[in-house]
Amino acid sequence: MKALITGAGGFVGPHLTQHLSEAGDDVIGLDLSSGPDLLDADGWVDAVRLHEPDVIYHLAGWSDVSGSWRDPLRTFQINALGTQSVLEAAVASKTEKVVLISSADVYGTVPADEQPITEDRPAQPRSPYGVSKQAAEALGQQYHRGFDLDVVIVRPFTHLGVGQSPQFAAAAFAAQVAEAELAGGGRVDHGNLSARRDLTDVRDVVRAYRLLATDGEAGEVYNVCSGQAVSIESVLATLVAASTVTVETQPDEARMRPVDLPVLQGSNDKLRRATGWEPVVALADTLTDVLDDARRRTSAQPAV
C-alpha cells in the first residue's frame, strides 16, 4: 500500500511513518518543509497527483488547543480549509482512501455519568480548536457523500509519546523534571491537575490508524482511546517520583485554559469491533519513555 502522510514532521508523523514502513507500506511524508502549505489548494492537487497514493493520512493542522483561543481564525483556516485542500486533491487524483484525523475535543463537555463517550454522541465543542475539527469532519462527510470519496474519520483522545511538544502537559512536565535534574533540584509549574483524560501511547494510536485505513468503513467515525481516564495530577506525580532529584510543584495561572473539560473518557468498542485493535503499551512505560526523551533533549542543549 502506498501511503501519503500530511504533517509527517509533527509529533505523530514519525511514529506513523515508522509503523507503516515496518508493515511494508511505501510511505511519502509531506510537511511545510517538503510540501505545500495547507491553504495552497492547487499545490496539494499537484502534490497528490505526483505521488499517486492509495491512502492519505491527514495529520497536518493546528494542534494547540490552548493556542486556538488566542488565534481562532487561523486555527479554523488551517484545520477546516486546509482539510478541504487535501480532500479536493484526493478527489482530483482519485485516491482510494483518506484517513482524516479529527479530535475527541469535538465532544466538548460531557457529564461524567454519560461517559465513556461513544461516536454517536453529538459534537458540542467548547474550544475554537474543537470547532475547527468539527468543521473538518463535516467536510470529510460531505466529500464522502458528494464525491464518493472513501473517508474514515478518526477521533483520537489524548496521546503521549517520544517527540511530543512541551505545549502538551506530560511533555511539559517531563521537560521541567529533566531541567531540574540538571540543576540539582527545581520546580514544575503546572495548570489544572484535576482534569482526567483518556491517555494512549502514540505507538498504539498509529497502529489504529493503519487498521482503519484497511478495515474502517467509509463515512464512519471511530474513537481511538484506551477506554480509561486518569488524572493529570497522577501523570505529574509519576514523573516527579521518577526524578533523580527533589522536585517541587507549583500552579501557574498562565497554564490554565479558559475552558478545561473536567473529564474526557472514550469508548473504543467500535474500533475494536471493526479492526480487533487494543492498546498494548502501559501508561507507566509511556511516561518512562517521555521522561527519558526529555532528558536526552535537555542534555543536548548547550550550556547558557
Side-chain angles (χ1 to χ4, degrees), residues 1-8 10 12-13 16-17 19-20 23 25-31 35-63 76-104 106 119-120 122-123 125 130-156 205-224 270-271 273-275 277:
M1 183 160 57
K2 189 173 186 180
L4 187 151
I5 303 172
T6 75
V12 178
L16 180 58
T17 298
H19 176 63
L20 297 182
D25 295 341
D26 182 10
V27 184
I28 301 102
L30 297 180
D31 54 29
D37 185 284
L38 276 177
L39 301 183
D40 180 3
D42 291 339
W44 275 101
V45 170
D46 292 341
V48 176
R49 280 179 170 164
L50 173 66
H51 295 293
E52 297 184 329
D54 301 309
V55 57
I56 297 174
Y57 294 89
H58 182 40
L59 305 182
W62 182 294
S63 59
F76 190 88
Q77 289 172 330
I78 291 171
N79 286 347
L81 300 183
T83 294
Q84 186 167 31
S85 296
V86 174
L87 293 170
E88 192 67 25
V91 170
S93 64
K94 297 182 172 56
T95 302
E96 294 178 12
K97 193 155 197 167
V98 175
V99 180
L100 195 165
I101 310 304
S102 180
S103 168
V106 302
E119 291 84 353
D120 56 4
V131 170
S132 72
K133 285 296 193 179
Q134 183 184 17
E137 288 190 8
L139 284 164
Q141 295 286 13
Q142 188 269 317
Y143 271 77
H144 167 60
R145 293 189 296 264
F147 295 97
D148 200 28
L149 181 62
D150 188 340
V151 179
V152 172
I153 295 170
V154 187
R155 291 175 180 163
V205 171
V206 297
R207 285 195 302 105
Y209 291 174
R210 188 178 189 277
L211 287 168
L212 288 170
T214 58
D215 299 330
E217 184 177 345
E220 290 296 316
V221 178
Y222 297 88
N223 290 339
V224 176
K270 184 175 180 180
L271 173 62
R273 290 194 302 269
T275 68
W277 176 90

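When atom types are taken as modelled, the side chain of K133 and the backbone of I101 share a donor-acceptor pair closer than 3.5 angstrom. A donor-acceptor pair under 3.5 Å links the side-chain atoms of S85 to the main chain of L38, judged by distance alone.
For the atom pair CD of Q84 and CG of L39, the computed distance is 10.5 Å after rounding to the nearest 0.5 Å. Taking CG of N223 as the reference point, atom CD1 of I153 lies at 12.0 Å (rounded to 0.5 Å). Rounded to the nearest 0.5 angstrom, L211 CG and W277 CH2 are separated by 9.5 Å.
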Please tabulate, for side-chain N and O atoms in residues 47-58, each donor-acceptor pair with protein atoms closer than 3.5 Å (sequence neighbours left out).
residue : atom : partner : partner atom : Å
D54     : OD2  : K2      : N            : 2.7
H58     : ND1  : T6      : OG1          : 2.8
H58     : NE2  : T83     : OG1          : 3.2

Kindly list each side-chain donor-acceptor pair under 3.5 angstrom involving residues 90-99, sequence neighbours excluded, with atom names and distances?
residue : atom : partner : partner atom : Å
S93     : OG   : A89     : O            : 2.9
S93     : OG   : A90     : O            : 3.4
S93     : OG   : T95     : OG1          : 2.8
K97     : NZ   : L212    : O            : 3.4
K97     : NZ   : A213    : O            : 3.3
K97     : NZ   : G216    : O            : 2.6

For a quick test of your reading: what N or O donor-acceptor pairs under 3.5 Å do the side chains of residues 135-145 make, sequence neighbours left out?
residue : atom : partner : partner atom : Å
E137    : OE1  : R155    : NE           : 3.4
E137    : OE1  : R155    : NH2          : 2.7
E137    : OE2  : S102    : OG           : 2.7
E137    : OE2  : R155    : NE           : 2.8
Q141    : NE2  : G219    : O            : 3.1
Y143    : OH   : E88     : OE1          : 2.4
H144    : ND1  : L149    : O            : 3.0

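Sorted by first and then second residue, the salt bridge (charged side-chain N to carboxylate O under 4.0 Å, His left out) pairs with a member in residues 210-223 read D25-R210, E220-K270; sequence neighbours excluded.
Every side-chain contact (heavy atoms from CB on, under 4.5 Å) that D31 has, sequence neighbours left out, goes to S33, S34. With sequence neighbours excluded, the residues forming a side-chain contact (heavy atoms from CB on, under 4.5 Å) with A274 are Y222, listed by chain and number. In this view, D40 and P36, D37, D42 satisfy the side-chain contact (heavy atoms from CB on, under 4.5 Å) rule, not counting sequence neighbours. In this structure, D148 has no side chain to side chain donor-acceptor pair (under 3.5 Å) partners at least two apart in sequence or on a different chain.
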Stepwise side-chain contact (heavy atoms from CB on, under 4.5 Å) check, I5 with L20: CA-CA 10 Å; I5 303 172; L20 297 182; 4.0 Å; yes
Test side-chain contact (heavy atoms from CB on, under 4.5 Å) applied to L100 and V152, step by step: CA-CA 6 Å; L100 195 165; V152 172; over 6 Å; no
Steps toward side-chain contact (heavy atoms from CB on, under 4.5 Å) verdict (V151, L87): CA-CA 9 Å; V151 179; L87 293 170; 4.2 Å; yes
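Here the shortest heavy-atom pairing between P125 and G130 reads CB-C, 3.5 Å. When all heavy atoms of A208 and L271 are compared, the pair lying nearest together is CB-CD2, 4.0 Å.
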